[in-house]
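To start, the structure itself, in structure tokens.
Everything numeric here is computed off the predicted structure, so don't read it as measured data. In this chain, residues are counted from 1 in sequence order.
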Amino acid sequence: MPTIGVLGLQGGYDAHIQMLEALGHKTLQVRNPDDFASLSGLVLPGGESTTQLKLIHRFNLKLNLDAFIASGKPVFATCAGMILCAAHVTHPEQDSFGYVDIDVERNGWGRQLDSFEAKADGTDLELCFIRAPRIIRVGSGVEVVATFKGEPVMVRQGNVTAATFHPELTDDSRVHAAIFGSATGEVIELFKNPKSKSA
């Protein structure tokens, strides 16, 4: 199986590693520019986006991250990772990388005490929201993959899939399997777009 990197600077990278390894993947915690060379996919985990932003620049990872996104290899960004990928971030405003043409409101689904679990609209996909950002605009080139109460909670643009929730904290590995594959070779048809609307 290919090696999937998980940005390991801060936040919830360990749960992604456990889920990917349960699917049969080799994993690598990405902390240095050279780490990108052997990867077939990449996860940008949840955590504290402002801290991750500072550490990405401190460890000179930005150019390698840009190149990896441009390579077309699959990338999955959750929560803080999605904030980093957004075109524009509010509440408060902060820098982001613009890999996905969405606008995001930090903590839009509530703060830590407001964390909750739910199911995606029209599916049994488990959603775990923790200080979750809210997607408040979706660009025309972005596919809405999953919604909750009619709002987009998982989107995809090119090779980058971004989610406001944390599938790595559930027992449901279908999102990771759909993006990166699994040892069984089973094709996961998660990306049948449910009825959705843009914010």
Side-chain angles (χ1 to χ4, degrees), residues 4-20 25 27-31 35-36 39-59 61-91 93-109 112 115 127-136 138-139 142-146 152-170 173 175-180 190:
I4 307 300
V6 181
L7 190 68
L9 300 176
Q10 186 273 340
Y13 51 85
D14 191 54
H16 284 287
I17 289 171
Q18 291 181 32
M19 183 159 280
L20 289 164
H25 292 286
T27 61
L28 177 69
Q29 290 186 36
V30 175
R31 293 176 172 163
D35 292 338
F36 288 88
L39 303 181
S40 297
L42 179 67
V43 173
L44 303 177
E48 175 51 52
S49 61
T50 54
T51 302
Q52 292 187 10
L53 194 62
K54 291 176 183 175
L55 292 174
I56 286 169
H57 289 299
R58 180 180 300 171
F59 292 101
L61 301 181
K62 178 60 168 55
L63 291 178
N64 298 80
L65 186 56
D66 290 347
F68 194 86
I69 298 289
S71 75
K73 295 176 182 176
V75 176
F76 182 38
T78 59
C79 202
M82 186 188 75
I83 293 171
L84 297 180
C85 290
H88 187 230
V89 178
T90 61
H91 195 242
E93 292 199 12
Q94 71 174 50
D95 290 341
S96 57
F97 300 146
Y99 301 141
V100 180
D101 186 18
I102 54 174
D103 292 349
V104 170
E105 178 186 349
R106 297 177 66 195
N107 300 321
W109 287 103
Q112 189 86 22
S115 300
L127 309 176
C128 178
F129 293 97
I130 301 174
R131 291 175 54 204
R134 204 164 197 152
I135 299 171
I136 56 176
V138 177
V142 178
E143 175 190 3
V144 177
V145 178
V153 292
M154 184 162 61
V155 297
R156 180 170 60 174
Q157 183 173 14
N159 57 314
V160 182
T161 304
T164 64
F165 59 95
H166 292 273
E168 76 280 8
L169 298 179
T170 73
S173 62
V175 173
H176 290 74
I179 295 169
F180 300 113
L190 185 65

Atom NZ of K54 with >12 non-hydrogen neighbours under 6.0 angstrom: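 Incorrect, the count does not exceed 12.
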
For [X] against [Y], the heavy-atom pair lying closest together:
{"X": "V30", "Y": "G5", "value": "CG2-CA, 3.8 Å"}
{"X": "V104", "Y": "I136", "value": "N-CG1, 4.1 Å"}
{"X": "Q29", "Y": "I17", "value": "CG-CD1, 3.5 Å"}
{"X": "D103", "Y": "A87", "value": "OD1-CB, 4.2 Å"}
{"X": "P152", "Y": "V138", "value": "CG-CG2, 3.8 Å"}
{"X": "A15", "Y": "L169", "value": "CB-CD2, 3.8 Å"}

Spacing of [X] atom [atom1] and [Y] atom [atom2] [to the nearest 0.5 Å]:
{"X": "L61", "Y": "L7", "atom1": "CG", "atom2": "CG", "value": "6.5 Å"}
{"X": "L42", "Y": "I4", "atom1": "CG", "atom2": "CD1", "value": "8.5 Å"}
{"X": "D101", "Y": "Q157", "atom1": "CG", "atom2": "CD", "value": "5.5 Å"}
{"X": "I56", "Y": "D95", "atom1": "CD1", "atom2": "CG", "value": "11.5 Å"}
{"X": "S115", "Y": "R131", "atom1": "OG", "atom2": "CZ", "value": "8.5 Å"}
{"X": "L63", "Y": "F36", "atom1": "CG", "atom2": "CZ", "value": "10.0 Å"}

Residues that R106 engages under side-chain contact (heavy atoms from CB on, under 4.5 Å), provided they are two or more places apart: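 Result, side-chain contact (heavy atoms from CB on, under 4.5 Å) vs R106: E48, S49, T50, I83, V89, P92, Q94.
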
Note, V43 side chain near Y13 side chain (heavy atom, < 4.5 Å):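 In short, these two side chains do not touch, never coming nearer than 4.5 Å.
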
Whether F97 and H57 hold their rings parallel, tilted or perpendicular, with breakpoints at 30° and 60°: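 Perpendicular, since the angle between the ring planes exceeds 60°.
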
Parallel, tilted or perpendicular: rings of F180 and F76 (30°, 60°):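 F76 and F180: perpendicular rings.
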
Lys/Arg-Asp/Glu bridge criterion (N-O < 4.0 Å) met for E105, R134: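 No salt bridge links E105 with R134.
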
Pairing residues for Q52 by the side chain to side chain donor-acceptor pair (under 3.5 Å) criterion, not counting sequence neighbours: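 With sequence neighbours excluded, Q52 shows a side chain to side chain donor-acceptor pair (under 3.5 Å) to Q10, given in chain and number order.
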
Residue list, salt bridge (charged side-chain N to carboxylate O under 4.0 Å, His left out) with D35, at least two apart or on another chain: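 Here no residue qualifies.
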
Side-chain (S96) to main-chain (A86) donor-acceptor, under 3.5 angstrom: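 Yes; judged by distance alone, with no hydrogens or angles, the pair exists.
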
G46 backbone acceptor or donor facing T78 side chain under 3.5 Å: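 Here the side-chain-to-backbone pair exists.
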
Side chain to side chain contact (heavy atoms under 4.5 Å, CB included) between D66 and Y99, intermediate numbers included: CA-CA 9 Å; D66 290 347; Y99 301 141; 2.5 Å; yes

Sole residue of V100, I102, V160 in side-chain contact (heavy atoms from CB on, under 4.5 Å) with M82: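 The side-chain contact (heavy atoms from CB on, under 4.5 Å) with M82 is passed solely by I102 among V100, I102, V160.
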
